[in-house]
Participant: 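Before anything else, here's the structure in question.
Protein chains get the first letters and strands the later ones, always in sequence-line order, with residue 1 at the start of each.
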There are 2 protein chains.
Amino acid sequence: MLISVEKTEIFESLSSPQFATLIKKGQQIILQPKSILFHQDDLAERCFMVNRGRLKLTMLSEQGKEVILRYLSSGELAAAIAVLRNQTYPVTAECVDETEVIGWDKPTIVALMHQYPAIAINLLGIVFDRIDDLQHRYLEMCSEHVNQRIARSLLRLMRRAGIKTPEGIHIDIPLSRQNIADYCGTTLSTVSRTLSIWEKKDWIKSGREKIIIKDPHALVLFAEGV
Amino acid sequence: MLISVEKTEIFESLSSPQFATLIKKGQQIILQPKSILFHQDDLAERCFMVNRGRLKLTMLSEQGKEVILRYLSSGELAAAIAVLRNQTYPVTAECVDETEVIGWDKPTIVALMHQYPAIAINLLGIVFDRIDDLQHRYLEMCSEHVNQRIARSLLRLMRRAGIKTPEGIHIDIPLSRQNIADYCGTTLSTVSRTLSIWEKKDWIKSGREKIIIKDPHALVLFAEGV
DNA sequence: CGCTCTATTGATAAACCTCAAATACAGTGG
DNA sequence: CCACTGTATTTGAGGTTTATCAATAGAGCG
């Protein structure tokens, strides 16, 4: 298995032999695009680390509207805290590309945490980032207009999955207008209209499920209401 | 100090002597209503447990709009994860009533976590609840109409701070229309209008900074879009 | 009783969604 | 290489929701 300590967020302060033990105790799973790793309201029996590919984490409202919470890439964890509780987890994890994950069941991960307290403490750091991200997005949802939120969403996705190209920074996730709408709580039409305007201003370049950001600075200013 | 293990969320699986040690290592602080325990973008140098009274956790948007993240009551923790990172924490904690907290500085809390791994693991459980709450509210913000969100907010506050009275369930937090608006991302006028309607339907009874819920079931049905 | 803070309510405007039709694009099989 | 098919995207018209502004009424306090 091609897993390095460096690319993981959870095992930062562990030694290599400790890390090897952890991976050995987990189970490798390979999934096809669009398959579901775990489903909303499943009992959280295992937690996972993405090793290759990407997961899309979503929630479904009672009216059936899908909301995207986050995209996870290599080294990131899913259901890591949920597994510690004997509860269901109201989130669905769907593969965007072909995706490889390592899974640990509850007894294993709990035992590992007791054996290496650093894991739990690292996990707290990771969770802090999640809360921070969620709180900021919650703040934006409460206080900003749709197209500001779209700008911030593109910038956020760019920071997490951006690849430099001659044309600009390419967001390396297949993102439809609908996906962007689900990510920032609006509709396909509104996203499409907004992106059209920005494309005319040469701030972005977009295609079918593809976004390239040509002028991040303009988007930042726009998001800040300038 | 009047602190019991039972009423705290963090120290659940600790023995009483262990618990006593923890409290002894902390610092007791008593604050007047409206005073600020920590301010948005302060460096998180201590974490706190509320022992008496209530804290209001808020964030401020770039345009100056206040958003209420949560009200904390006895036994709940503030800045508990932020303190583990050497970072600022974008949240303000303001006292609603006269409030007593216990504070621990970073070296102390880190040492305690290494000494008693159960603390870090309990903390993960608490943090899970926070994330769960935030995710649900984020979902609601993304997918529901204002008055559905107001209904859910009242129900949520009722569950966390409700007191049974002959008239109905009283939310034991001084809540102005503006507070409710800040809690669910809308405006004072909209909240006032909505509550007026519900008062006429006899679902609630409200006064100056006071809400009594007379028919929770009606609100639940309304929130679910029935 | 007057002062201040909170709440109510109306009128108006802006933001945004919904619905719908047309167009562009990628992949497939002939 | 081209037509075909299923998505994805664009764009318009119209309506709903909700914010904004503003003026009035009510509650609590010294």
Participant: Grab the two heavy atoms, one from A:Val96 and one from A:Leu55, that are nearest each other, plus how far apart they are.
Facilitator: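 Looking at all heavy atoms of both residues, the shortest contact is CG2-C, 4.2 Å.
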Participant: Salt bridge or not between B:Arg52 and B:Glu98? Use side-chain N to carboxylate O under 4.0 Å.
Facilitator: yes
Participant: Return the value, rounded to whole Å, for the distance between atom CG of B:Leu188 and atom P of D:dT20.
Facilitator: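 Roughly 11 Å, once rounded to whole Å.
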Participant: Considering just the side-chain nitrogens and oxygens of B:Ser192, establish if one lies under 4.0 Å of OP1 or OP2 belonging to C:dT8.
Facilitator: yes
Participant: When the distance from CZ of B:Arg193 to P of C:dT6 is rounded to whole Å, what number comes out?
Facilitator: 19 Å
Participant: Under a 3.5 Å threshold, yes or no: a donor from one side chain and an acceptor from the other, between A:Arg137 and B:Tyr138?
Facilitator: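 Short answer, yes.
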Participant: If you assign each of A:Lys200 and B:Thr187 to its closest nucleotide in DNA chain D, which residue comes earlier from the 5' end?
Facilitator: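 Residue closer to the 5' terminus by nearest nucleotide: A:Lys200.
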Participant: B:Ser206 side chain: which of C:dT9, C:dT18, C:dT8 is closest?
Facilitator: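 Nearest nucleotide to the side chain: C:dT8.
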Participant: Scan A:Leu195 against the nucleic acid and name what it touches under 4.0 Å (heavy atoms): base, sugar-phosphate only, or nothing.
Facilitator: nothing
Participant: Send over the distance from B:Asp182 CG to D:dA19 P, rounded to a whole Å.
Facilitator: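 About 12 Å, once rounded to whole Å.
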Participant: Do A:Glu100 and A:Gln28 have a side chain donor and acceptor closer than 3.5 Å?
Facilitator: yes
Participant: Take the protein atom CD of A:Glu144 and the nucleotide atom P of C:dA15, then report the distance between them rounded to whole Å.
Facilitator: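 Computing the A:Glu144:CD to C:dA15:P distance gives 15 Å.
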Participant: Under 4.0 Å between any heavy atoms, over every strand shown, what does A:Ser196 touch: base, sugar-phosphate, or nothing? Just pick one.
Facilitator: sugar-phosphate
Participant: Report the residue (B:Thr190 or A:Lys210) whose heavy-atom-nearest nucleotide on DNA chain D is the more 5′ of the two.
Facilitator: A:Lys210
Participant: Could you check how far CG of B:Asn147 sits from C1' of D:dA19, rounded to whole Å?
Facilitator: 14 Å
Participant: Does B:Glu62 pair with A:Arg152 as a salt bridge, N-O distance under 4.0 Å?
Facilitator: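 Yes, B:Glu62 and A:Arg152 are salt-bridged.
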Participant: At under 4.0 Å between heavy atoms, what does B:Ser176 touch on the DNA or RNA strands: base, sugar-phosphate, or nothing?
Facilitator: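 Sugar-phosphate contact only.
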Participant: Specify the separation, in whole Å, of atom CD of A:Glu209 and atom C1' of D:dT10.
Facilitator: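 In whole Å, D:dT10 C1' and A:Glu209 CD are 16 Å from each other.
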Participant: Please report the distance, rounded to the nearest Å, between NZ in A:Lys65 and P in C:dC16.
Facilitator: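 Roughly 13 Å, once rounded to whole Å.
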Participant: Looking for any heavy atom pair under 4.0 Å, which part of the strands does B:Thr186 touch: base, sugar-phosphate only, or nothing?
Facilitator: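 Here B:Thr186 touches the backbone only, sparing every base.
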Participant: Rounding to an integer number of Å, can you tell me how far A:Ile204 CD1 sits from D:dT10 C1'?
Facilitator: 13 Å
Participant: With no angle test and no hydrogens, is the base of D:dT18 tied to the side chain of B:Arg149 by a donor-acceptor pair under 3.5 Å?
Facilitator: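 No pair found.
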Participant: Can you say whether a donor on the side chain of A:Arg208 sits under 3.5 Å from an acceptor on the base of C:dG27, or the other way round?
Facilitator: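 Under the 3.5 Å cut-off, the side chain and the base do not form any donor-acceptor pair.
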